Amino acid sequence: MDLFDYMREQNKEKESPLASRLRPETLEEVVGQQHIIGKDKLLYRAIKADKISSVLFYGPPGTGKTTLARVIAHTTSADFTQINATAAGKKDMEEVIHKAKELQGMYGRKTILFIDEIHRFNKGQQDYLLPFVEDGTVVLIGATTENPYFEVNPALISRSVIFELKSLTKEDIKILLLRAVTDENKGMGSYGAKIDPDALEFLSDVSNGDARAALNAIELGVLTTERSEDGKIHITLDTASECIQKRVVRYDKSGDNHYDTISAFIKSMRGSDPDAAVYYLARMLYAGEDIRFIARRIMICASEDVGMADPNALNIAVAAALAVERIGMPEAQIILSEAVTYVATAPKSNASCLAVGKAFETVKNTMTAPVPSHLQDSHYKSANKLGRGLGYKYAHDYPMHYVKQQYLPDGLTEEKFYEPTENGYEKQVLAYMDKIKNQEEQK
C-alpha cells in the first residue's frame with residue numbers, strides 16, 4: 001500500500017456512513033444476537049478460539065451479518081478477503097482462490113472468504129466455490145437476507161453451519177443510538193448532540209429492528225439540525241420523524257417475509273379476525289404488493305374457508321378482483337378492505353373443500369367404475385338399444401323436485417363426500433337435505 005492508498009483508506013474510514021463507522025470490532029461490542037454469540041454459544045467459542053469453519057449468516061437487513069464478519073476479520077489470524085456477490089464475477093473468485101493457495105502453500109495460512117449477499121451468485125458461481133470449500137483452501141462466510149435453503153446450493157449448505165440472525169429489539173436499537181450520539185471516536189459524540197427520550201423511543205420503534213435504518217436517521221438528524229442556544233444539537237421527536245419519514249417495512253416479494261405475511265393474512269381471514277386481516281392487507285399494500293395477487297388469495301379463501309356457509313363470499317371476492325384491476329391504487333385498497341372484512345366476518349365451512357378432496361382421493365385410489373346406465377347420455381342414435389338412460393327419474397316430476405335414485409357408481413353408493421356443517425347458510429342446506437330425504441322415506 002503506497003501513501004495515496006493509505007490516505008484514501010483513512011479518508012474512507014472518516015467519511016463513511018455512521019452505520020459503517022460504528023460497526024464493532026470485538027464480540028463484546030456487538031449488540032443483540034445473544035442466541036448465537038452468547039458466551040456459551042458455538043459461534044462465540046469458535047470466534048474466540050479462531051477455529052471458525054464455513055458458516056452462512058441469514059437474517060433481515062441491518063441485523064449484523066456483515067458486522068459479525070468484520071468481528072471475525074479482526075480476531076482471526078487467517079487472511080480475510082471480502083467480496084460482494086452483486087459485483088464480483090468468476091475472475092474475482094479465481095484471484096481469491098489463487099492467492100489463498102499461495103498463502104496455504106507458502107506459509108500454511110488459512111484464508112477466510114466473506115461473500116456478502118451470496119444468494120446473488122448463480123448456481124455456476126456457487127459450484128465453482130464448492131471444491132475449494134471442500135478441501136479447505138478457503139473458509140467460507142456467506143451473508144444473505146434470503147432463506148439459504150432456497151437460495152444456496154445444497155452442497156454448500158451441507159458444508160456450512162447456518163446461523164439465523166434475528167431482528168434487533170427496541171432495546172438493542174436504543175443502545176446503538178445512544179452509542180452513536182455519544183461515541184467521540186467512531187460516532188457523532190464530537191458534535192455535542194443530545195437525543196430526547198421520546199425521539200429515542202420513536203426511532204427505536206419505527207426502525208423495525210433494522211440498525212442501519214436507525215443509525216442513518218440519527219446521522220442525518222445530527223448533520224442537518226442547527227445548534228440550540230445552549231450550543232448543543234437537540235434531536236427532538238419532530239426531527240426524528242423527519243429523518244426517517246417512513247416506517248421501515250420488511251417485505252421482500254420473493255423472500256420469507258412475503259410468504260409469512262400472506263400466510264398470516266389468510267389465516268386471519270380464516271380465523272374470523274377482521275382486524276388482523278386488514279392489518280396484514282395494509283402491510284402488503286404499504287410495501288407495494290401486487291393487488292391482483294392479494295385479490296387472488298381473497299378469492300381462494302372465500303371458496304376454501306367460507307364455502308357454502310356463505311356462498312356470497314365468493315361473489316364479493318370475485319367482484320373485488322375485477323374492480324381492483326379496473327380501478328387500481330390507491331382506491332383499490334378500499335375495495336380490497338371490503339372484500340377482506342366480508343370474508344373474515346363470514347361464517348366458515350370447509351365442507352365443500354373437503355368434499356372435493358375426499359372425492360379426488362377416492363378417484364385416485366379406486367378403479368374407474370362405470371356411470372350407472374340410467375344416468376348415461378340417451379340423446380345419441382342407438383342409445384336406447386344399448387340401454388343408455390333407461391329408468392332415469394326426472395327430479396322435477398316429483399314432489400319438492402326430488403326423487404331418490406342411484407347417482408354414484410356401483411361400489412361407491414355409501415360414500416359421503418359433502419357433509420354440511422351447521423354454520424351460516426350451510427345450516428339451511430343441511431335442513432333442506434334432511435327434509436327432502438325424510439319426505440322420500442315417508443312414502
Side-chain angles (χ1 to χ4, degrees), residues 12-25 28-34 59-68 70 145 165-252 255 257 260-261 275 278-289 330 333:
K12 181 180 177 182
E13 185 66 26
K14 292 178 181 178
E15 296 172 6
S16 60
L18 176 63
S20 178
R21 299 199 310 272
L22 209 62
R23 280 198 175 113
E25 297 180 0
E28 287 70 26
E29 294 179 61
V30 177
V31 176
Q33 311 306 337
Q34 291 304 299
T63 52
K65 298 181 293 297
T66 305
T67 292
L68 284 177
R70 281 192 54 166
T145 56
L165 280 70
K166 308 290 187 182
S167 295
L168 300 183
T169 66
K170 283 178 61 175
E171 295 306 313
D172 293 334
I173 298 294
K174 285 180 183 179
I175 292 171
L176 289 173
L177 288 172
L178 290 173
R179 183 183 295 177
V181 171
T182 58
D183 190 315
E184 295 187 2
N185 294 321
K186 295 191 290 185
M188 314 288 289
S190 60
Y191 287 81
K194 294 185 68 175
I195 183 169
D196 292 352
D198 52 356
L200 180 65
E201 184 73 21
F202 172 76
L203 284 178
S204 63
D205 178 44
V206 299
S207 59
N208 269 1
D210 188 333
R212 189 181 297 109
L215 292 173
N216 287 344
I218 199 69
E219 181 179 28
L220 181 62
V222 171
L223 293 177
T224 60
T225 303
E226 294 183 1
R227 296 185 183 277
S228 299
E229 293 181 359
D230 60 1
K232 293 188 177 297
I233 296 172
H234 290 271
I235 305 299
T236 64
L237 180 58
D238 287 342
T239 304
S241 62
E242 286 177 2
C243 290
I244 204 162
Q245 290 193 352
K246 184 177 179 181
R247 174 179 287 272
V248 179
V249 174
R250 188 161 296 119
Y251 189 86
D252 182 347
N257 202 265
D260 290 342
T261 305
D275 299 311
V278 170
Y279 166 75
Y280 290 116
L281 169 66
R283 195 153 123 175
M284 290 187 289
L285 292 173
Y286 189 80
E289 180 58 86
Q333 64 186 331

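Since the structure is predicted, the reported quantities are computational estimates derived from the model, not experimental observations. Values below: all heavy atoms of this structure, side chains included; hydrogens, waters and symmetry mates excluded.
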Say you draw a straight line from [atom1] of [X] to [atom2] of [Y]; how long is it, rounded to the nearest 0.5 Å?
X    : Y    : atom1 : atom2 : result
T239 : L220 : OG1   : CG    : 10.0 Å
Q333 : L281 : CD    : CG    : 8.0 Å
S20  : K186 : OG    : NZ    : 10.0 Å
E171 : L176 : CD    : CG    : 11.5 Å
H234 : R227 : NE2   : CZ    : 10.0 Å
M188 : L177 : CE    : CG    : 12.0 Å

Where is the tightest heavy-atom contact between [X] and [Y], given as atom of each residue plus distance?
X    : Y    : value
I173 : S207 : CG2-OG, 3.7 Å
P60  : L165 : CD-O, 3.5 Å
L168 : G32  : CD2-CA, 4.2 Å
L203 : A240 : CG-CB, 3.8 Å
A180 : L215 : CB-CD2, 3.7 Å
V30  : P24  : CG2-CG, 3.8 Å

Report yes if some heavy atom in the side chain of [X] is under 4.5 Å from a heavy atom in the side chain of [Y]; otherwise report no.
X    : Y    : value
D196 : L237 : no
I175 : R179 : yes
V181 : I235 : no

> Residues in salt bridge (charged side-chain N to carboxylate O under 4.0 Å, His left out) with E229, at least two apart?
Replying inline: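 Listed in chain order: nothing, the list is empty.
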
> Side chain of K65, backbone of G59: donor and acceptor closer than 3.5 Å?
Replying inline: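 Yes, the answer is positive, given that a donor and an acceptor are paired below the 3.5 Å cut-off.
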
> Run the side chain to side chain contact (heavy atoms under 4.5 Å, CB included) check on Y191 and L223 step by step: do they pass?
Replying inline: CA-CA 9 Å; Y191 287 81; L223 293 177; 3.5 Å; yes

>> Testing R212, Q33, K166 one by one against T63 for a side chain to side chain contact (heavy atoms under 4.5 Å, CB included), which residue passes?
In response: Q33

>> For L18 and N216: C-alpha separation, side-chain torsions, deciding distance, then whether side chain to side chain contact (heavy atoms under 4.5 Å, CB included) applies.
In response: CA-CA 7 Å; L18 176 63; N216 287 344; 5.8 Å; no

> Would K170 and E201 pass as an ion pair if we require N to O under 4.0 Å?
Replying inline: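 So K170 pairs with E201 through a salt bridge.
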
>> Under the rule for side chain to side chain contact (heavy atoms under 4.5 Å, CB included), what residues qualify as partners of D238, not counting sequence neighbours?
In response: T236

